[in-house]
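Comments concern the structure below.
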Amino acid sequence: MISRIIDEKEIAKLRKLLDNSDRIVITCHLTPDGDAIGSSLGLAHVLGAIGKRVTVLTPDAVPKHLRFLPGVRDSMAFSAYEEYGAKLLRDADLIFCLDFNEPKRVDRMENALVASQAPKVLIDHHLNPGKFTEVTISHPEVSSTSMLVFRVICRLELFDKIDRAAAECIFCGMMTDTGNFSYNSNDPDLYTVIAELLRKGIDKDAIYARAMNTKTLSAMRLNGYALGEKMELFPEHQCSIISLTADELKRFEYEKGDTEGLVNQPLALPSVQWSVYLREDPEQIKVSMRSKGSFPVNRVCSELFGGGGHLNAAGGEFKGSMQECIARLKDAMPSYDSFLPSEPLKK
Ligand code: 5GP
Ligand code: MN
């Protein structure tokens, strides 16, 4: 079977908390992605199967392309029912915090989450976990929280309780956080787990199609426009920037999620080591970065945009105009040249 990586002390604490709990809330980060919602629902199915009353409470709505996952209909968005969501957190006797490392990542739900007296369990793979939970299962070297949830379930000896629905959710998270197993995906255990999930009856090709082949025509045109007209290359810094203003987004009837994956596209150019996508939201500019190899975009996001994330996938925010944001990036670019690979790259 798979290797053992989670500290037995944390598992023992978790076992005890679970024995003494009945009303469980599982929550994840704002704008849940496939891993956030997949890990949450996967765990919810298994805890439901052992008789717990479980609610998945997301800070805001699950994006359309992930609503096919079994259990989404029983989940609740805090943004839609703030009072009821706060009551659920208050009345819970155990809260799971999945796929985020700091309470601020749940946005407007932060106060209600922090104020709840319920013991909290963090299961996450982002760097620098905050100290706000009784149990901390934090493994930044693991490619997805869903993979971690699978490991936790096995350590709790609940593997048999993983049904097809749980397996679908867990697989979806493993798949989306590795770009369909194209990055952070060299861990042999990943493929052992996929084999186990296939034996639980998942149709992995169908999950891929349902999660990925879901673009609208206007979103496709927006992505085409972004790559065709708005991608700027900085060859000496092996960087690319795509920026989309509020006007441009409006022109293409932008909806949340329409530019998902766009920031990865410039990395298909051998000459691009790090890619930046800037989106003008109503109150700030949302910064998204991706990189190859050891180029640390989490460091860039933290130093320039008060954000963070993983070595190869990070984000942050900028308060100011798009021009100012791009100027900040351009000014700082040379200071990150030392992280570029020394071998010259093919164009
Ligand atoms: P995305 O580019 O998909 O929005 O985010 C990629 C990763 O960057 C996320 O998984 C998260 O770890 C991190 N991230 C994105 N936005 C922020 C942010 O505003 N602050 C911090 N600390 N991390 C972020
Ligand atoms: Mn994740």
Side-chain angles (χ1 to χ4, degrees), residues 26-43 58-60 63 65-66 96-107 110 122-130 137-152 169-181 183-185 190 211 226 240-244 256-267 274-279 281 283-291 295-319 325:
I26 301 178
T27 186
C28 60
H29 63 72
L30 186 75
T31 325
D33 55 14
D35 188 34
I37 189 67
S39 59
S40 299
L41 292 171
L43 181 63
T58 53
D60 56 352
H65 67 282
L66 295 168
F96 282 88
C97 301
L98 299 193
D99 204 35
F100 67 96
N101 56 353
E102 291 279 5
K104 70 168 193 220
R105 295 282 290 139
V106 301
D107 199 46
E110 177 177 355
L122 178 122
I123 306 178
D124 180 43
H125 67 144
H126 295 93
L127 291 171
N128 310 323
I137 298 173
S138 165
H139 286 268
E141 79 282 12
V142 170
S143 56
S144 65
T145 298
S146 296
M147 178 73 182
L148 266 176
V149 159
F150 182 91
R151 288 180 176 281
V152 169
C169 299
I170 292 170
F171 178 78
C172 181
M174 291 170 60
M175 176 188 81
T176 51
D177 257 26
T178 57
N180 197 30
F181 309 101
Y183 48 82
N184 294 336
S185 58
L190 278 178
S240 82
I241 301 180
I242 294 173
S243 61
L244 290 173
K256 232 180 192 177
D258 279 358
T259 52
E260 188 82 47
L262 175 62
V263 63
N264 293 300
Q265 302 269 333
L267 294 181
W274 58 299
S275 159
V276 181
Y277 167 42
L278 307 171
R279 187 189 68 217
D281 285 350
E283 276 160 26
Q284 73 264 319
I285 291 177
K286 178 68 200 154
V287 179
S288 233
M289 297 194 193
R290 297 291 185 272
S291 68
F295 192 96
V297 280
N298 49 358
R299 178 171 172 154
V300 183
C301 285
S302 143
E303 289 175 353
L304 302 184
F305 300 109
H310 314 276
L311 186 75
N312 296 129
E317 287 169 2
F318 180 77
K319 301 264 183 204
C325 185

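Each ligand, and each atom within it, is numbered from 1 in the order the structure gives. Bear in mind that the values here come from a model prediction, so they are computed numbers and not experimental data.
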N/O donor-acceptor pair under 3.5 Å between [X] side chain and [Y] backbone:
{"X": "H125", "Y": "V142", "answer": "yes"}
{"X": "D124", "Y": "S138", "answer": "no"}
{"X": "D33", "Y": "A36", "answer": "yes"}

Residue and atom names of protein N/O/S atoms that fall under 2.8 Å from the Mn ion (ligand 2): D35 OD2, D99 OD1, H125 NE2, D177 OD2
Under 3.5 Å: N or O atoms of ligand 1 paired with protein N or O:
unit_1	atom_1	unit_2	atom_2	d
ligand 1	2 (O)	S288	OG	2.3
ligand 1	2 (O)	R290	NH1	2.9
ligand 1	2 (O)	R290	NH2	3.3
ligand 1	3 (O)	R290	NH2	2.9
ligand 1	8 (O)	G315	N	3.2
ligand 1	10 (O)	H126	NE2	3.4
ligand 1	12 (O)	H126	NE2	3.0
ligand 1	16 (N)	K286	NZ	2.7
ligand 1	19 (O)	K286	NZ	3.4
ligand 1	22 (N)	G308	N	3.2
ligand 1	23 (N)	G308	O	3.2

Short side-chain donor-acceptor distance under 3.5 Å, T176 and D35: no
Side chains of S143 and N184, donor plus acceptor under 3.5 Å: no
Residue list, side chain to side chain donor-acceptor pair (under 3.5 Å) with T259, at least two apart or on another chain: Y277
Throw together a table of side-chain donor-acceptor distances under 3.5 angstrom for residues 299-308, partners on residues two or more places apart or in other chains.
unit_1	atom_1	unit_2	atom_2	d
R299	NE	E303	OE2	3.2
E303	OE1	Y336	OH	2.6

Nearest non-hydrogen partners of V106 and C28, listed with the distance: CG1-O, 3.5 Å
For F100, the option from T27, L122, L30 that meets side-chain contact (heavy atoms from CB on, under 4.5 Å): T27
